[in-house]
Amino acid sequence: RDEVEILSTRRNEPEWLREQRFRAQEVFASTPMPDTRPEEWRYTPIAQILKLDALGLADEARPVTEVADLPEGVRALVDGVGDAAGRIAQVNASVAFRELADDLARQGVIFTSLDLAVQEHGELVRKHFGSGVTPEEGKFAALNSAYWTGGTFLYVPKNVRVEMPFRTFRWLSGEQGSVFGRTLVVAEEGSEVSLVEDLGSADFEAQTLSVGAVEIVAIEGAKVNYVAVQRFGRGVLHLTTDRLLAGRDARISTLYLALGSDVTRADIQCKLQNSGAHVDILGLYIADGTQHIDHETMQDHIAPHASSNLLFKGALRDAGRSVFRGLIRVHPKAQRTDAYQTNRNLILSADARADSLPNLEIGADDVRCSHAATIGQLDEEEIFYLLSRGIRKPEAIRLVVFGFFAEVLDQFPLAEVKKELVGVIEHKLFGKPAVNA
């Protein structure tokens, strides 16, 4: 509690936020570390992996006004992507750089650090902050709610449509630290916006912790596209709690790309709160070495006449491991729900492993819901066919893997971003130089 009070006082936070932090810290302290007895943690023994006592809070970064003045690692991330309506770079515990196009600012768009938004747009932040991610969502959601710093706040007013994506970069530069990133996106009625978040670091010898939280609030008729590119270095343990809240006739499309860290655990839920809402949750992951990637998802249908679609695909090699546990939950009054859930895994080596557990919980009697899961090895006949046509084996594997991933990429609407993601995936698969510290 003393640490939380120091953190909040240093930032001169309002009383409502201070009290939220205190409540979250109490929930965190009173909630035991998850063990493998509950189904949702059975395949990821987090209590054995995470050593909280050995970690400290990460340092704050020096603010800069030019991308060229950022640390080399985050600068490489920023320089490696296309145009943006606005950019924010968080280094360790604080935002070091931010910019927003002048014409968007004149239209009332807000794109800034969450720290600064609390000071300058307090009532707006208070209205939506914690609407999806509360301390009661779990021990690590409580940890983030107590200790988040820096963060991203994106607000788009009614009927404002932004064509270019906004971009956020989060970079870790020191090992044995802990960072708590937080993102809040609010799209008002009839607005359209896209946000791409890129998370990276160097490789570390000692365990380093990232605990994130994302809240996306799409109000009536709004359209939000969200991309998370996770390419932390080895030594990082990344935990995130993401909540997608879709109002009447709103549409949220997300794409999660998990490539980095030693261990990733992503808890992703969408809540379809009003009729006409639709959410797409797409995901790609690649695990190699001894990487462990765990996705826990829920499509929570609360209102009638809403729809959702989830499609996650993964490629696993060496001793890489993936876990997928998904649930479509349809409440009794959510008639005419249309929901689909699919997880497919491609095994590229003898020691790789995938566990896939899709589930349905249907409380209504007039719905269309289905789920599917597959785990299969690389087809040697396909590889042999390509080799017989003079294609070298690395390129043959590339063609097969990208053919497998294409179904996911084709469903996401941002063409320029998809091109960038193809390059990021190639870096992962074929050993091209990674981002340096």
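Please read all numbers here as calculations on a predicted model, not as lab measurements.
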Asp338 and His305: side-chain donor and acceptor closer than 3.5 Å? no
Is any NZ, NE, NH1 or NH2 atom of the basic residue among Glu72 and Arg75 found under 4.0 Å from an Asp or Glu carboxylate oxygen of the other? no
Side chains of Thr9 and Arg18: do they bring a donor and an acceptor to under 3.5 Å? yes
Using 0.5 Å steps for rounding, measure from the CG atom of Leu239 to the CD1 atom of Ile49. 9.5 Å
Between the side chain of Asp249 and the main-chain N/O of Ala277, is any donor-acceptor distance below 3.5 Å? no
Does Ser30 reach the main-chain N or O of Glu26 with its side chain, forming a donor-acceptor pair under 3.5 Å? yes
When you compare the side chains of His292 and Asp294, does any donor N or O come within less than 3.5 Å of an acceptor on the partner? no
Leu409 versus Val422: any side-chain heavy-atom pair under 4.5 Å? yes
So, Ser173 versus Asn92: side-chain donor-acceptor pair below 3.5 Å or not? yes
Pairs touching residues 84-119 that satisfy ring pair (Phe, Tyr, Trp, His ring centres under 6.0 Å), sequence neighbours left out: Phe111-Phe166
Under 6.0 Å between ring centres, would you say that holds for Phe312 and His295? yes
Any side-chain donor-acceptor pair under 3.5 Å between Thr240 and Asp242? yes
Tell me whether Arg1 forms a cation-pi arrangement with Phe22, defined as NZ or CZ under 6.0 Å from the six-membered ring centre and within 45 degrees of its axis. yes
Is any side-chain N of the basic residue among Asp115 and Arg11 closer than 4.0 Å to the acidic one's carboxylate O? yes
Are Phe129 and Trp148 close enough that their ring centres sit under 6.0 Å apart? yes
On a heavy-atom basis, the closest approach of Ile362 and Ala364 is CG2-O, 3.2 Å
Quick one about Tyr147 and Glu3 (side-chain donor to acceptor, distance below 3.5 Å, no hydrogens or angles considered), yes or no? yes
For Ile46, does its backbone N or O pair with a side-chain atom of Thr44 as donor and acceptor, under 3.5 Å? no
Test: Arg398 cationic atom under 6.0 Å from Phe402 six-membered ring centre, within 45° of axis: yes
Quick one: side-chain hydrogen bond (donor to acceptor under 3.5 Å, both in side chains) partners of Asp365, sequence neighbours excluded? Gln335
What closest approach, in Å, do Gly181 and Asn144 show between heavy atoms, and which atom pair accounts for it? O-ND2, 2.9 Å
Is a donor on one side and an acceptor on the other found under 3.5 Å between the side chain of Glu175 and the backbone of Ala206? yes
Compare all side-chain heavy atoms of Val179 with those of Leu209 and state whether any distance is below 4.5 angstrom. no
When you measure from the side chain of Thr254 to the backbone of Asn225, do you find a donor-acceptor pair of N or O atoms at a distance under 3.5 Å? no
Would you say the side chains of Gln273 and Arg248 form a donor-acceptor pair under 3.5 Å? no
Flag yes if more than 12 heavy atoms outside Glu19 fall under 6.0 Å of its CD atom; otherwise flag no. yes
Got a second to check how far Ser253's OG is from Leu282's CG, nearest 0.5 Å? 7.0 Å
Could you walk me through whether Glu39 and Leu357 satisfy the side chain to side chain contact (heavy atoms under 4.5 Å, CB included) test, starting with their C-alpha distance in whole Å, then the side-chain angles of each, then the deciding distance to 0.1 Å, before giving a yes or no? CA-CA 10 Å; Glu39 182 66 26; Leu357 301 99; 3.4 Å; yes
Show the numbers, then the answer: is there a salt bridge (charged side-chain N to carboxylate O under 4.0 Å, His left out) between Glu192 and Arg161? CA-CA 4 Å; Glu192 294 186 18; Arg161 299 180 180 183; 3.7 Å; yes
Shortest non-hydrogen separation from Glu197 to Thr152 and the atoms involved: OE2-OG1, 4.2 Å
Short N-O contact, Arg167 and Glu416, less than 4.0 angstrom: no
Any residue meeting side-chain hydrogen bond (donor to acceptor under 3.5 Å, both in side chains) with Thr149, in chain and number order, not counting sequence neighbours: none
According to side-chain hydrogen bond (donor to acceptor under 3.5 Å, both in side chains), does anything in residues 76-87 pair up with another residue at least two apart or in another chain? List the pairs. Arg87-Glu99
Is any side-chain heavy atom of Ile268 closer than 4.5 Å to a side-chain heavy atom of Tyr256? yes
On a heavy-atom basis, the closest approach of Ala354 and Leu316 is CB-CD1, 3.5 Å
Salt bridge present between Arg23 and Glu136 (N-O < 4.0 angstrom): yes
Check the surroundings of atom CD in Glu66: do more than 12 heavy atoms from other residues, nucleotides or ligands lie under 6.0 Å from it? no
Partners passing side-chain hydrogen bond (donor to acceptor under 3.5 Å, both in side chains) against Asp355 (at least two apart in sequence or in another chain): Arg321, Arg353
Any side-chain donor near an acceptor of the partner, Ser145 and Gln20, under 3.5 Å: no
Smallest heavy-atom separation, Arg21 atom then Ala146 atom, equals NH1-O, 2.9 Å
So the side-chain hydrogen bond (donor to acceptor under 3.5 Å, both in side chains) pairs with at least one residue in residues 400-411 (sequence neighbours excluded) are Asn309-Gln411, Lys313-Glu407
With a 4.5 Å heavy-atom cut-off, do Val227 and Leu195 have their side chains touching? no
Is Ser308 close to Tyr340 at the side-chain level, that is, under 4.5 Å between some pair of heavy atoms? no
Hey, is the main chain of Ala117 close enough, under 3.5 Å, to the side chain of Thr112 for a donor-acceptor pair? no
Would you say the side-chain atoms of Ser8 and Glu13 include a donor-acceptor pair closer than 3.5 Å? yes
Are the side chains of Leu237 and Gln207 in touch, meaning some heavy atoms are under 4.5 Å apart? yes
Using a 3.5 Å distance criterion without hydrogens, assess whether the side chain of Gln291 forms a donor-acceptor pair with backbone atoms of Asp288. yes
Taking Thr31 for its side chain and Phe28 for its backbone only, find out whether a donor-acceptor pair lies under 3.5 Å. no
Taking atom types as modelled, find out whether Gln230 and Thr264 have a side-chain donor-acceptor pair closer than 3.5 angstrom. yes
For Arg234, is the CZ atom crowded, meaning more than 12 foreign heavy atoms sit under 6.0 Å from it? yes
Which heavy-atom pair separates Met164 from Ala85 by the least distance, and what is that distance? O-CB, 3.7 Å
Is there a side-chain contact between Thr208 and Ser201 (heavy atoms, below 4.5 Å)? no
Using a strict threshold of under 4.0 Å (side-chain N to carboxylate O), is an ion pair present between Glu296 and Arg325? yes
Strictly below 4.0 Å, N to O, side chains only: are Asp198 and Arg231 in salt-bridge contact? yes
How many angstroms lie between atom CG of Leu257 and atom CZ of Phe412, to the nearest 0.5 angstrom? 11.0 Å
Testing Arg182, Lys271, Lys127 one by one against Glu215 for a salt bridge (Lys or Arg N to Asp or Glu O under 4.0 Å), which residue passes? Arg182
